[in-house]
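Structure first, then comments.
Keep in mind that the numbers below use all heavy atoms, side chains included, and drop hydrogens, waters and symmetry copies. Both counts, for ligands and for their atoms, begin at 1 and track the order of listing. Throughout, residue positions are numbered sequentially from 1 according to the sequence presented.
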Amino acid sequence: MTSQNTHTTPLTAASADPYAAFRAELRDFAERECPEALKAVVRSNQKVTRTEYSGWQKKLHARGWAAPNWPKEYGGTGWDLQQRYLFEEVTAEADCPPQYHHGLGHIGPVIMHFGTDAQKERYLPRILDGSEWWCQGYSEPGAGSDLASLKTSAVRDGDHYVINGQKIWTSHAQEADMMYTLVRTSSEGRKQAGISLLLVPMNTPGIEVRPIPTIDHWHHVNEVFLNDVRMPCANLMGEEGGGWKCAKFLLDRERLSPATVPRLARLADQVEALLRERGAGAGAARASQHVLLERLYLAQAGVMGAREMLLSAIQEEMQGTLASSKSSALKLFCSELSQQIIGIALDIAGPQYAARLVDTVAPDGEDATPLRQLVHTYLFYRSRTIAGGTSEVQKNVIARDIFGG
Ligand SMILES: Cc1cc2nc3c(=O)[nH]c(=O)nc-3n(C[C@H](O)[C@H](O)[C@H](O)COP(=O)(O)OP(=O)(O)OC[C@H]3O[C@@H](n4cnc5c(N)ncnc54)[C@H](O)[C@@H]3O)c2cc1C
């Protein structure tokens, strides 16, 4: 059973499929336009560079497919629910990279919803063509799950804000051009009410980025220090003190990443191929293989369930009725599922790999065997249940939505 071949909805039912021509067009584009070398990087779960992401985004842009989830008036495709999902599914199956998400999936929709005309005109086109990269400056030491406790301050000085403070775990800060960041503009009243969202060019004097080494040896995350950073008030998103509303709007969309489910399906297929090729661990009994296959089939069933949940969440997002609990449930389920699937891969690799996890990771740029890359992915995926809000925090959001409070 491979998850690619198990869909039973009209999305893939060939005979009466109204999307058959669209799917073929997508597949043809993915096969023709995505360079083989880049597909090899994606297939082997290696790190995709900014240049590679941007190159792919430029091709999508030229084809009019830069933003599958944006409305047409902002340069999006205006696609319906099925088309959006099919795009993600076909590009994942063809080993194209996912699109860089901080602009298209996170701050872009916030700018469309809360931004001024000048901000839309300034920022959206460069997100679409992939020329400007964003990062997210939300978390601080002491303000992760309890984000509203953030302390980085922005004090008005004429028509500027002066920002002082520290952000942490800022993914891609080392290569981003812009950071959307939450700052405290007031300490009066409820702590959420004193938070504002600012758009900050990363080359502004007073910004220092320091890398944080991670267990997988890749450079993802950073500390960002802001010392007397002067920012024009025109870079405020929405109203002063209205940042919490923007932040929640953004997080609901961050947790509902349309690319996640097809990528999980692809990973499960890869793990199944590995299992069939290698069997369970070196010298393991044949019975172990059956146990691993059973675990994999359960995970694949989970992927199919996640797909249904994702489709209904995208539909609600399109109708403006998306509940935070649904995005959180999806994030919770998919991040845990990704760890289960890659955990099976590690069990296939065998105890000798598990015992020397860090030693088996190939450093950046080094040629690596597929097995080593799976071990690498195992380490990287440990962060899946933390980044974007921990599993415990997602459970709290779901419980609050259901029980109130
Ligand atoms: C790889 C990676 C990339 C990241 N990228 C970014 C980024 O780009 N931008 C950004 O702003 N942040 C980013 N983060 C930060 C991430 O959002 C935070 O790590 C996360 O929100 C948890 O916050 P914390 O690390 O401060 O842990 P804490 O909030 O201190 O939590 C510690 C533990 O306590 C638990 N806990 C805390 N509060 C509760 C509660 N109320 N109920 C139950 N349990 C609770 C948590 O679940 C966790 O297990 C990233 C993190 C990682 C690992």
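In this pair, Trp134 and Tyr180 present their aromatic rings tilted. The plane angle is within the 30 to 60° band.
Although no hydrogens or angles enter the test, the distance criterion places no donor-acceptor pair under 3.5 Å between the side chain of Gln394 and the main chain of Leu330.
Annotation for Arg384 and Lys331: closest pair O-NZ, 3.0 Å, computed over non-hydrogen atoms.
Protein heavy atom in closest approach to atom 19 (O) of ligand 1: Ile386 CG2, 3.5 Å. In terms of protein heavy-atom proximity, atom 3 (C) of ligand 1 is nearest to Ser171 OG, 3.3 Å. The protein atom (non-hydrogen) at minimum distance from atom 9 (N) of ligand 1 is Gln136 O, 2.8 Å. The shortest contact between atom 13 (C) of ligand 1 and any protein heavy atom is with Trp169 O, 3.1 Å.
Contact atoms of ligand 1 toward Ser383: 1 (C), 53 (C) (distance under 4.0 Å to a heavy atom of the residue). For ligand 1, the atoms sitting less than 4.0 Å from at least one non-hydrogen atom of Tyr138 are 11 (O), numbered in the order shown with element in parentheses. Here is the list of ligand 1 atoms found below 4.0 Å of a heavy atom in Thr390: 22 (C), 46 (C), 47 (O).
Every side-chain contact (heavy atoms from CB on, under 4.5 Å) that His160 has, sequence neighbours left out, goes to Arg230, Pro232.
The shortest separation from a heavy atom of Asn396 to ligand 1 is under 4.0 Å, placing the residue in contact.
Each of Val224, Asn227, Ile163 was scored for a side-chain contact (heavy atoms from CB on, under 4.5 Å) with Ile207, with one residue passing: Val224.
A heavy-atom distance below 4.5 Å is found between the side chains of Val42 and Arg263.
For ligand 1, the polar-atom distance check finds an N/O of Ser139 within less than 3.5 Å of one of the ligand's N/O atoms.
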